[in-house]
Amino acid sequence: MVGTIFLFLLGFGLAVAGGVVIITYLNFIPAGLAWGDFLSFIIGRPECYFLPLGFILIAIALYRYP
């Protein structure tokens with residue numbers, strides 16, 4: 001039970017951190033970066049993988065919750 005809650009909170013924290021980083025990188029769009037270039041940029045940034053990893057951890061925690 002406690003491990004599931006911890007897993008959920010860890011996933012939530014990672015999802016928030018990754019989402020904030022991706023939103024921050026959206027500031028490159030008005031600077032003249034195209035959407036394709038933006039997507040290839042965030043795919044190359046390791047901190048942007050926190051968002052999907054956080055979603056996966058949240059899904060696992062919700063699946064394991066009694």
Side-chain angles (χ1 to χ4, degrees):
M1 176 79 171
V2 175
T4 305
I5 294 172
F6 177 74
L7 189 65
F8 179 82
L9 291 176
L10 179 66
F12 183 77
L14 287 175
V16 167
V20 167
V21 167
I22 290 174
I23 289 172
T24 303
Y25 286 147
L26 278 173
N27 287 326
F28 290 147
I29 299 295
L33 199 65
W35 281 102
D37 296 332
F38 171 72
L39 290 175
S40 65
F41 175 75
I42 65 168
I43 287 173
R45 304 295 302 177
E47 63 269 12
C48 293
Y49 289 111
F50 288 160
L51 181 66
L53 179 64
F55 284 158
I56 291 169
L57 290 177
I58 289 171
I60 292 171
L62 290 177
Y63 180 73
R64 290 179 51 190
Y65 191 72

Hey, could you give me the [atom1]/[atom2] distance between [X] and [Y], rounded to the nearest 0.5 Å?
{"X": "Phe6", "Y": "Leu57", "atom1": "CZ", "atom2": "CG", "answer": "10.0 Å"}
{"X": "Leu39", "Y": "Cys48", "atom1": "CG", "atom2": "SG", "answer": "10.5 Å"}
{"X": "Asp37", "Y": "Ile29", "atom1": "CG", "atom2": "CD1", "answer": "8.5 Å"}
{"X": "Leu26", "Y": "Ile42", "atom1": "CG", "atom2": "CD1", "answer": "7.5 Å"}

Next item on the list: Supply the members, apart from Met1, of the Ile/Leu/Val/Met/Phe/Trp/Tyr cluster built from side-chain contacts under 4.5 Å; use none for a lone residue.
Entry: Ile5, Phe8, Leu9, Phe12, Val16, Val20, Ile58, Leu62, Tyr65
Check: According to the salt bridge (charged side-chain N to carboxylate O under 4.0 Å, His left out) rule, which pairs have a member within residues 17-31, sequence neighbours left out?
Finding: none
Note to self: Give me each pair satisfying salt bridge (charged side-chain N to carboxylate O under 4.0 Å, His left out) with a member in residues 42-57, each pair once, sequence neighbours excluded.
What the structure shows: Arg45-Glu47
Next item on the list: Not counting sequence neighbours, which residues clear side chain to side chain contact (heavy atoms under 4.5 Å, CB included) with Leu51? List them please.
Entry: Ala15, Ile22, Phe55
Notebook entry, point to check: Closest heavy-atom contact between Leu14 and Gly54?
Noted result: CB-CA, 4.0 Å
Next item on the list: Looking only at non-hydrogen atoms, find the nearest pair between Pro46 and Gly44 and report the distance.
Entry: CD-O, 3.6 Å
Checklist line | Pairs flagged by ring-ring contact (aromatic ring centres under 6.0 Å, His included) wherever residues 15-43 is involved - sequence neighbours left out | finding: Tyr25-Phe28, Tyr25-Phe41, Phe28-Phe41, Trp35-Phe38
Margin query: So, using salt bridge (charged side-chain N to carboxylate O under 4.0 Å, His left out) as the criterion, who are the partners of Arg64 when residues are at least two apart?
Written below: none
